[in-house]
**Q** 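Shown below is the structure under consideration.
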Number of protein chains: 2
Amino acid sequence: MTAASAAPGPARSARERARAEITAEILASARAQLAEVGPAALSLRAVARDIGMVSSAVYRYYPSRDDLLTDLLVTAFDELGQAAEDAAHRARARPVAARWLATGRAVRAWALAHPHEWALLYGSPVPGYRAPRTTVGPATRVIAVLVRMARGGALDATPAWVDRRTVRAVASAREHARNWRPDGGTTGSSSDRPESTTAEPADDGSHETAVTVRVMAAWATLFGTISFELFGHLVGSIDDLDQYFDAVCRMTASDLGLT
Amino acid sequence: MTAASAAPGPARSARERARAEITAEILASARAQLAEVGPAALSLRAVARDIGMVSSAVYRYYPSRDDLLTDLLVTAFDELGQAAEDAAHRARARPVAARWLATGRAVRAWALAHPHEWALLYGSPVPGYRAPRTTVGPATRVIAVLVRMARGGALDATPAWVDRRTVRAVASAREHARNWRPDGGTTGSSSDRPESTTAEPADDGSHETAVTVRVMAAWATLFGTISFELFGHLVGSIDDLDQYFDAVCRMTASDLGLT
DNA sequence: TGATCAACGAGAGCACCGCTCTCGATCCGC
DNA sequence: GCGGATCGAGAGCGGTGCTCTCGTTGATCA
């Protein structure tokens, strides 16, 4: 379904290589189209025209328009995740609050530079479509970066808005977060820290729950703020979008106890 | 452009009434279609078929599909705003934190009950399109409810994430917020309070800025959380979506100093 | 009351879309 | 070397938004 058929040996048959090449050509043209007209107006026939093929021939490579969109989705998720990881990595020597701000800025910058791709990733899903499981991996890269940073925070006492039901509600999310390597990021370095499984200090999970909800809500805040800006919901209210977004980043970092 | 031509006298000419009736019929069929197949798949021809007209006849009433979608947009914004206002009004006797939670729940409930309409309001727009000025009024009803509630909060000192540039960045938003009536809502009561223009207590606007950013970010948080849920970004992470959303509501209320 | 003109519904048509099917040409593996 | 899989091209189907024309009907004005 995806272009992953080009994976194995260095030189398969000529036909295999031609197939991989044409698949890449289709994807490149589709990416250009996506950036230009957006996901809704992306036309498989126009892609075929662009690369000098007839529309039916493209179906030899992508069984449907949705499959093509899925590949574009994965690519875009990967690009955005890479941008976030790069920003976090570049700021690795600075205080975690500064790294948080840098990452937020990078995500916003990517969104502003690629509004149509952002719409594909986070806009309304096209009717029948959505989320073959190929997409979940790249989709989690941004939140993974944020979660790793949020571990550097110092939240004080367990807040009052966490109760037993909240702890249960985010159990899976906490599990996922625990499994993300402490460093991770672009450099695949550092060893595991198995002692992270030692008993928490007589905690019932409330504190971890608070951090988890905070970081997921913070991501929702950044996403919502960026989407509001992109979709024009802030015109007339916010006079300086850069400064406003920075303030929201600083606010979320502060709420997470990042300094 | 919209169906506002039915406004003035009680009984215009027969033709006028027929026009208003058919316009309403088109809009009703379009609303049903929207709820069923979503904005992307909404077909003007299908609407025409549904009401027993030929497609070209519909163009006598709506010059294009986008104009029809705009009317649906306004309608949906109005419904959502009404739901939020009603919830806030029903909880008027309770503490403001409870009213905040009730309002958030109402917005989420509306979104879950009308996912396609939510996608129309807050999903990916085609960048060429957007926001004839008819839409801005109804679109601000939800945030207006939230802003009015946020006035009941007790934020402590001015947070560190506000600086002079932040104050300037949200100047227009603060101006708008000041102009929303203290009560407002569904009951059009209460008189103006011109003394709100008296000098703030030696404040440079930092505190008001903090509240403004907080409430706008809180709305972005609720919006982002609902969109994440609707678009499937939380599956596998959040086990109890109701409880998670409640926690996010309580958290934002707490961050706004609402009790 | 009768004529005029605008508004209206119907139909045909255009360009485009996603997608399917068939049919030669081409390449690969046995 | 040959049979079968793969490919590109073309025609075609049903759908879309939208335009244009053409009778009809209703409102308006003389």
Side-chain angles (χ1 to χ4, degrees), chain A residues 1 3 5-6 8-9 11-27 29-30 33-34 36-72 120 125-130, chain B residues 1 3 5-6 8-9 11-27 29-30 33-34 36-72 120 125-126 128-129:
Chain A
M1 191 155 302
S5 48
R12 298 287 290 246
S13 72
R15 203 164 221 173
E16 285 281 336
R17 281 195 302 133
R19 182 173 183 86
E21 245 175 62
I22 295 187
T23 304
E25 204 175 348
I26 292 173
L27 213 148
S29 173
Q33 282 242 351
L34 170 64
E36 200 171 341
V37 301
L42 190 149
S43 153
L44 204 142
R45 290 177 109 113
V47 169
R49 241 178 281 128
D50 183 44
I51 63 177
M53 283 175 102
V54 87
S55 72
S56 62
V58 179
Y59 283 86
R60 300 282 183 194
Y61 300 86
Y62 286 96
S64 80
R65 179 179 176 273
D66 272 4
D67 290 274
L68 180 55
L69 276 180
T70 300
D71 250 25
L72 293 173
L120 174 64
V126 286
Y129 180 72
R130 243 331 128 168
Chain B
M1 194 157 298
S5 48
R12 300 284 292 247
S13 72
R15 204 164 222 176
E16 286 281 337
R17 282 195 302 133
R19 179 171 185 86
E21 246 175 60
I22 294 188
T23 303
E25 203 174 348
I26 291 174
L27 212 147
S29 172
Q33 282 243 351
L34 171 63
E36 200 170 342
V37 302
L42 191 149
S43 153
L44 204 142
R45 290 178 109 114
V47 169
R49 241 177 282 128
D50 183 44
I51 63 177
M53 283 176 103
V54 86
S55 71
S56 63
V58 179
Y59 284 86
R60 302 280 183 196
Y61 300 86
Y62 286 95
S64 79
R65 179 177 175 275
D66 270 4
D67 290 274
L68 180 55
L69 277 180
T70 300
D71 249 25
L72 293 174
L120 175 64
V126 281
Y129 177 73

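By convention in this document, chain letters (A, B, ...) are assigned in the order of the sequence lines, proteins followed by strands, and residues within each chain are numbered from 1. Because the structure is predicted, anything quoted here is derived from the model rather than measured.
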**Q** Is B:Asp67 close to B:Ser64 at the side-chain level, that is, under 4.5 Å between some pair of heavy atoms?
**A** yes

**Q** To the nearest Å, give me how far apart CD1 (B:Ile22) and C1' (C:dA10) are.
**A**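 Roughly 13 Å, once rounded to whole Å.
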
**Q** Check the phosphate of D:dC18 against B:Tyr62, side-chain N and O only, distance under 4.0 Å to OP1 or OP2. Yes or no?
**A**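 No, no such contact exists.
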
**Q** Atom CG of B:Leu68 to atom P of D:dC18: distance rounded to whole Å?
**A** 10 Å

**Q** What pairs of donor and acceptor atoms, side-chain ones from residues 41-52 of chain A against any protein atom, are under 3.5 angstrom apart with sequence neighbours left out?
**A**
from	atom 1	to	atom 2	distance (Å)
A:Ser43	OG	A:Arg45	N	3.2
A:Ser43	OG	A:Ala46	N	3.0
A:Asp50	OD2	A:Ser29	OG	2.6

**Q** Can you check the B:Arg15 CZ to C:dG9 C1' distance for me, whole Å?
**A** 11 Å

**Q** Round to a whole Å and report the spacing from CZ of B:Arg65 to P of C:dC16.
**A** 18 Å

**Q** Between B:Arg45 (CZ) and D:dG14 (C1'), how many Å, whole number?
**A** 11 Å

**Q** Check every atom of D:dC18, D:dA9, C:dC19 against the side chain of A:Leu44 and return the nucleotide holding the closest atom.
**A** C:dC19

**Q** If we only count heavy atoms from C-beta on, is the B:Ile22 to B:Arg60 side-chain gap below 4.5 Å?
**A**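 Not in contact.
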
**Q** Can a side chain N or O of B:Arg19 be found less than 4.0 Å away from OP1 or OP2 on C:dC8?
**A**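 Yes.
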
**Q** Rounding to an integer number of Å, can you tell me how far A:Tyr59 OH sits from D:dT6 C1'?
**A**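 Value for this atom pair: 19 Å.
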
**Q** Pick base, sugar-phosphate or nothing for A:Ala18, based on heavy-atom distances below 4.0 Å to the nucleic acid.
**A**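 The residue A:Ala18 makes no contact with any strand.
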
**Q** Tell me the interatomic distance from B:Arg49, atom CZ, to D:dG15, atom P, rounded to whole angstroms.
**A** 7 Å

**Q** Whole angstroms only, please: what is the CZ-P distance between A:Arg17 and C:dT26?
**A** 19 Å

**Q** Distance check: side-chain N/O of B:Tyr61 vs OP1/OP2 of C:dA7, anything under 4.0 Å?
**A** no

**Q** Between A:Leu27 and A:Tyr62, is there a side-chain heavy-atom distance shorter than 4.5 Å?
**A** yes

**Q** Considering heavy-atom distances to DNA chain C, does A:Arg60 or A:Leu42 have its closest nucleotide positioned more toward the 5' end?
**A**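 Closer to the 5' end of DNA chain C: A:Leu42.
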
**Q** Starting at the 5' end of DNA chain C and moving along, which residue's nearest nucleotide shows up first, A:Ser56 or B:Met53?
**A** B:Met53

**Q** Contact class for B:Ser55 vs. all strands (heavy atom < 4.0 Å): base, sugar-phosphate, or nothing?
**A**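 The answer is base, as B:Ser55 lies within the cut-off (heavy atoms under 4.0 Å) of a base atom.
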
**Q** Looking only at heavy atoms, which two atoms of B:Pro39 and B:Leu34 are closest? And how far apart?
**A** N-CD1, 3.4 Å

**Q** State whether B:Ser43 places a side-chain N or O below 4.0 Å from either non-bridging phosphate oxygen (OP1 or OP2) of D:dT16.
**A** yes

